[in-house]
A.B. asks: 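If you scroll down you'll find the structure; I have some questions about it.
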2 protein chains.
Amino acid sequence: MPPASRVTIRDVAEHAGVSVATVSKVLNERYGVAAATYARVRAVIEELGYEASLVAQSLRNHRTNVIGVLVADLEPFSTELLKGAADAIRGSGFELVVYSAGGRTGDREGWERRYLSRLSGTLVDGAILVTPAVAHAGLTGTPVVAVDPHTGPTEVPTIDSDSLRGGQLATEHLLSLGHKQIAMLTGRADLRSAQLRETGFRRALGAAGLAVREEFVVPGGYDAVVSARSARELLSRPDRPTAVFAANDLSAIATVAVARELGLRVPEDLSVVGFDNLPESALCTPPLTTVDQPIRQMGYRAIVMLIGLIGDPEPHDRRGRPAPVVQGQPTHQTLDTKLVVRASTAAVPTTLPSAS
Amino acid sequence: MPPASRVTIRDVAEHAGVSVATVSKVLNERYGVAAATYARVRAVIEELGYEASLVAQSLRNHRTNVIGVLVADLEPFSTELLKGAADAIRGSGFELVVYSAGGRTGDREGWERRYLSRLSGTLVDGAILVTPAVAHAGLTGTPVVAVDPHTGPTEVPTIDSDSLRGGQLATEHLLSLGHKQIAMLTGRADLRSAQLRETGFRRALGAAGLAVREEFVVPGGYDAVVSARSARELLSRPDRPTAVFAANDLSAIATVAVARELGLRVPEDLSVVGFDNLPESALCTPPLTTVDQPIRQMGYRAIVMLIGLIGDPEPHDRRGRPAPVVQGQPTHQTLDTKLVVRASTAAVPTTLPSAS
DNA sequence: ATCGTTGTCGATAACGTTTTCGAAGGTTAG
DNA sequence: CTAACCTTCGAAAACGTTATCGACAACGAT
């Protein structure tokens with residue numbers, strides 16, 4: 001019982017009276033070891049409690065079996081996504097490292113760039129970028145998939161959801177309730193999803209023959225505190241809107257809080273619809289009408305896609321068996337969004353709230 | 001621009017006209033390299049965009065700078081803890097791997113055992129066990145700290161919160177509101193925290209001169225679905241309790257849902273107090289009275305303690321400087337709990353609810 | 001001149017694996 | 001009996017680092 005030094009493949013080899021090469025072969029189920037030897041080595045492995053060093057294997061194999069997830073912060077969206085990723089990782093033979101930048105939103109870009117570059121010669125076989133800010137220019141050959149990517153054209157494999165349609169659904173719902181003065185809290189300006197939700201909003205209004213009042217589309221930044229600030233201004237106006245579409249649930253919840261604080265009842269005096277369908281949005285008061293986005297699914301798909309991109313290690317000589325070559329799955333996936341109506345929206349009051 | 005093969009320390013050495021030994025020295029800021037050489041090598045590193053291979057370093061140094069967090073599932077508690085851990089990890093030079101067993105609660109013990117054994121010869125320098133089920137018998141010399149550990153005596157360094165006092169606080173709060181028929185949904189039987197919350201409950205009742213009705217303490221398992229089942233039975237009784245103390249917020253929220261479903265109003269007909277103070281417990285309807293447990297803090301402290309246990313790598317020859325030896329910090333920490341009163345509890349109705 | 005001393009640097013042996021490739025022995029075919 | 005093959009195995013070269021330790025030069029002091 002040597003508690004100090006780890007038991008290595010050499011120890012196993014000596015105890016079994018074979019070479020390390022042979023031990024390695026039985027470990028990897030390679031062809032060319034006699035049944036008797038195989039059994040003996042297996043027994044010694046069991047007896048010594050040997051576990052191969054992942055580090056040494058990685059060095060030799062150029063593959064760590066680790067996937068990195070880069071999130072700016074562990075807010076509800078990332079958290080939910082992480083669950084899906086964890087589901088997908090299970091049994092895949094990969095591990096999950098979580099890189100979180102943490103509170104400081106200022107140097108988000110710098111932080112991402114730094115990690116992206118480190119990513120080159122380092123721990124992970126591939127990475128998932130959650131709501132990334134950077135264009136990830138000149139990446140290092142390490143496979144990457146982005147979830148809800150930044151705006152602008154990108155060659156990076158991507159998972160997102162149908163934000164355009166989602167934005168339309170939300171807005172149409174409000175319109176169908178009779179609302180005409182509808183405001184929007186937009187999302188993080190650098191993300192494509194935010195842009196699309198806003199276009200969805202504008203299109204729906206346009207289709208209904210309504211002009212958008214630019215002073216009614218205010219920044220929310222996918223963030224609770226900036227949303228609260230904008231909501232306060234918006235709802236303090238004498239000609240305040242009767243409904244607001246928030247670009248995500250965090251913003252919507254913040255809006256509800258501000259409304260309550262200003263003495264407005266939701267949904268009687270103000271309808272609010274969010275976007276995301278976080279678990280907490282069903283719990284809050286009132287339960288939030290929102291656009292469902294299959295976040296866990298997105299995390300799951302992202303991992304699956306990434307693993308596909310990483311590919312199998314060369315099957316080598318294990319008695320023939322040509323590599324299956326499963327290439328060719330699509331490199332962009334957009335998942336469906338749908339409206340879920342709960343209690344934060346209601347028909348516009350017949351008596352207009354003091355507007356003209 | 002060779003996009004294929006990574007740039008290695010040898011490349012840098014050649015470009016700079018020095019040996020790999022020298023490059024390694026400048027990388028690690030070792031003593032004994034001339035200023036001119038240092039600058040030249042640094043320049044080449046920059047130019048080539050060289051990043052040292054963490055894998056090779058790990059192999060050589062016997063240290064991976066990775067910390068593992070083992071969670072059974074990514075429920076709110078683990079998630080919150082993870083945030084604290086992520087905060088603490090930042091700038092520490094370590095990375096965080098998350099191992100999640102996932103839904104399947106059946107083989108929890110088997111899963112833990114498996115990972116614990118793998119942990120021996122593997123990726124991480126240390127690990128954090130969140131609500132572990134196993135005694136982690138004969139661990140491998142890898143430092144480990146447990147958060148909210150299993151019952152029974154344990155030598156493992158531990159972080160938890162004062163569940164005993166928390167249980168008492170919750171119960172005393174209900175008592176002070178005039179409740180006499182108080183039920184409890186217990187937690188996961190294998191966890192010390194669950195046991196202590198129950199003792200706190202019993203002690204408080206005892207101190208108030210009330211006998212505990214054993215049919216009122218029912219299993220909740222820290223789990224929403226088993227709690228819901230127990231709550232349904234409990235609240236269907238003709239002599240149902242007027243208040244219930246749930247061992248965690250998940251159970252409390254489930255109880256509220258069941259109550260609503262049975263036509264009981266919370267808090268008018270039934271008071272509910274939880275335990276954890278999850279973020280969502282402030283959002284739900286009604287906002288939950290609960291015992292606050294500083295979960296993020298616990299995650300933070302766990303990482304700090306673990307890093308302390310791992311210790312600095314030998315400082316070697318970087319020009320003297322004896323190792324500081326920061327040993328001796330306590331190996332068990334119990335954080336304070338406190339009651340936060342919100343809207344799910346109220347005074348017991350003066351007219352008894354049809355009981356004798 | 002000679003002898004330490006000091007300052008720089010590089011060859012090299014690890015770290016724990018996996019894979020190649022050739023050697024040794026056994027079997028079968030001619 | 002020889003040639004060809006197949007099976008089983010081990011020696012050794014990688015993989016990309018870091019630490020040791022000796023070589024070598026320059027220099028001041030005797």
Side-chain angles (χ1 to χ4, degrees), chain A residues 4-41 45 48 50-65 118 120-123 125 313-320, chain B residues 4-41 44-45 48 50-65 118 120-123 125 313-319:
Chain A
S5 208
R6 293 201 353 82
V7 29
T8 163
I9 198 178
R10 178 165 284 107
D11 303 326
V12 177
E14 288 173 1
H15 280 247
V18 297
S19 77
V20 298
T22 305
V23 178
S24 174
K25 282 175 197 156
V26 351
L27 276 177
N28 303 322
E29 308 282 348
R30 286 283 132 78
Y31 177 80
V33 22
T37 331
Y38 182 92
R40 186 154 36 98
V41 173
I45 288 177
L48 299 186
Y50 166 74
E51 291 280 346
S53 153
L54 295 190
V55 173
Q57 286 181 321
S58 299
L59 178 57
R60 170 67 216 212
N61 296 341
H62 296 286
R63 158 178 267 250
T64 60
N65 289 317
R118 284 197 58 186
S120 71
T122 197
L123 193 61
D125 289 338
E314 323 275 297
H316 284 295
D317 72 336
R318 64 178 75 184
R319 211 48 171 173
Chain B
S5 208
R6 294 199 354 81
V7 29
T8 163
I9 199 178
R10 177 165 286 108
D11 303 326
V12 178
E14 287 172 2
H15 274 81
V18 296
S19 78
V20 297
T22 305
V23 178
S24 175
K25 281 176 197 155
V26 352
L27 276 177
N28 302 322
E29 307 282 349
R30 286 283 133 78
Y31 176 81
V33 22
T37 332
Y38 182 92
R40 187 155 35 100
V41 173
V44 176
I45 289 178
L48 266 41
Y50 166 74
E51 293 279 346
S53 154
L54 296 191
V55 173
Q57 289 181 320
S58 299
L59 179 57
R60 171 66 217 214
N61 297 340
H62 296 285
R63 158 179 267 254
T64 60
N65 289 318
R118 282 197 58 184
S120 71
T122 197
L123 193 61
D125 290 336
E314 323 276 296
H316 284 295
D317 73 336
R318 65 177 74 185
R319 212 46 170 175

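Lettering follows sequence order; numbering is per chain, from 1.
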A.B. asks: To the nearest Å, how far apart are Leu59(B) CG and dT18(C) P?
C.D. replies: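 The answer, rounded to whole Å, is 12 Å.
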A.B. asks: Between Arg30(B) and dT18(D), is there a contact of a side-chain N or O with OP1 or OP2 at under 4.0 Å?
C.D. replies: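 Looking at the OP1 and OP2 atoms of dT18(D), neither is under 4.0 Å from any side-chain N or O of Arg30(B).
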A.B. asks: Out of curiosity, Glu51(A) CD to Leu27(A) CG, how far, rounded to the nearest 0.5 Å?
C.D. replies: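 Here the rounded value is 9.5 Å.
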A.B. asks: Would you indicate what Ala34(B) reaches in the nucleic acid, counting non-hydrogen atoms under 4.0 angstrom: base, sugar-phosphate, or nothing?
C.D. replies: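 Here Ala34(B) touches the backbone only, sparing every base.
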A.B. asks: Report yes if some heavy atom in the side chain of His15(B) is under 4.5 Å from a heavy atom in the side chain of Val12(B); otherwise report no.
C.D. replies: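 In short, these two side chains do not touch, never coming nearer than 4.5 Å.
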A.B. asks: Rounding to a whole Å, what distance do you find between Arg10(A):CZ and dA12(D):C1'?
C.D. replies: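 After rounding, the gap between these two atoms is 12 Å.
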A.B. asks: With a 4.0 Å cutoff (strictly under), does any side-chain N or O of Thr8(A) reach OP1 or OP2 of dT17(C)?
C.D. replies: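 Yes, Thr8(A) has a side-chain N/O under 4.0 Å of OP1/OP2 on dT17(C).
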A.B. asks: Any idea which heavy atoms bring Ser24(A) and Ile9(A) closest together, and the distance?
C.D. replies: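 Smallest interatomic distance, heavy atoms only, reads N-CD1, 3.9 Å.
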A.B. asks: Between dT17(C) atom C1' and Asp11(A) atom CG, what is the distance in whole Å?
C.D. replies: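 Interatomic distance, CG of Asp11(A) to C1' of dT17(C): 13 Å.
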A.B. asks: For Thr22(B) and Asn61(B), take the nucleotide of DNA chain C holding the closest heavy atom to each; which residue's nucleotide lies nearer the 5' end?
C.D. replies: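 Looking at the nearest nucleotide for each, Thr22(B) comes out on the 5' side.
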A.B. asks: What nucleotide among dC15(C), dG10(D), dT18(D) has an atom nearest to a side-chain atom of His62(B)?
C.D. replies: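 Nearest to the side-chain atoms of His62(B), counting from C-beta on, is dC15(C).
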A.B. asks: What's the closest nucleotide to the Tyr31(A) side chain, out of dA11(C), dT7(D), dG16(D)?
C.D. replies: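 Closest nucleotide among those given: dT7(D).
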A.B. asks: So what does Tyr50(B) touch, heavy atoms closer than 4.0 Å: a base, only the sugar-phosphate, or nothing?
C.D. replies: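 Here Tyr50(B) touches the backbone only, sparing every base.
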A.B. asks: From CZ of Arg6(B) over to C1' of dG16(D), roughly how many Å is that when rounded to an integer?
C.D. replies: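 Arg6(B) atom CZ is separated from dG16(D) atom C1' by 9 Å.
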A.B. asks: Pick the nucleotide of DNA chain D nearest each of Arg40(A) and Leu27(B); which residue has the one closer to the 5' end?
C.D. replies: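 This one resolves to Arg40(A).
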A.B. asks: Grab the two heavy atoms, one from Ser53(A) and one from Ala56(A), that are nearest each other, plus how far apart they are.
C.D. replies: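 Taking Ser53(A) first and Ala56(A) second, the nearest heavy atoms are OG-N, 3.0 Å.
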A.B. asks: Determine: side-chain N/O of Ser19(A) to OP1/OP2 of dG10(D), distance under 4.0 Å, yes or no.
C.D. replies: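 Checking dG10(D) against Ser19(A), a side-chain N or O does come within under 4.0 Å of OP1 or OP2.
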A.B. asks: When you match Val20(A) and Lys25(B) each to their closest nucleotide on DNA chain C, which lands nearer the 5' end?
C.D. replies: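 The residue closer to the strand's 5' end, by nearest nucleotide, is Lys25(B).
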A.B. asks: Over how many whole Å does the gap from Arg60(B) atom CZ to dA13(C) atom P extend?
C.D. replies: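 Result: 13 Å.
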A.B. asks: Have a look at Ser24(A) and say if it touches a base, only the backbone sugar-phosphate, or nothing, with a 4.0 Å heavy-atom cut-off.
C.D. replies: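 Touches a base.
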A.B. asks: Would you kindly give the CG-to-C1' distance between Leu123(A) and dT17(D), to the nearest whole Å?
C.D. replies: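 Answer to the nearest Å: 15 Å.
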A.B. asks: Would you indicate whether the side-chain heavy atoms of Val26(A) and Val18(A) approach each other to under 4.5 Å?
C.D. replies: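 No, every pair of side-chain atoms sits at 4.5 Å or beyond.
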A.B. asks: Measure CD/Gln57(A) against P/dG16(C) and give the value in whole Å, please.
C.D. replies: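 From Gln57(A) CD to dG16(C) P: 13 Å.
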A.B. asks: If you look at every strand shown and take non-hydrogen atoms under 4.0 Å, does Thr37(B) touch a base, only sugar-phosphate, or nothing?
C.D. replies: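 Sugar-phosphate: the residue Thr37(B), judged by heavy atoms under 4.0 Å, touches backbone atoms but no base.
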A.B. asks: What is the distance, to the nearest angstrom, from the CZ atom on Arg63(B) to the P atom on dT17(D)?
C.D. replies: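 Value for this atom pair: 19 Å.
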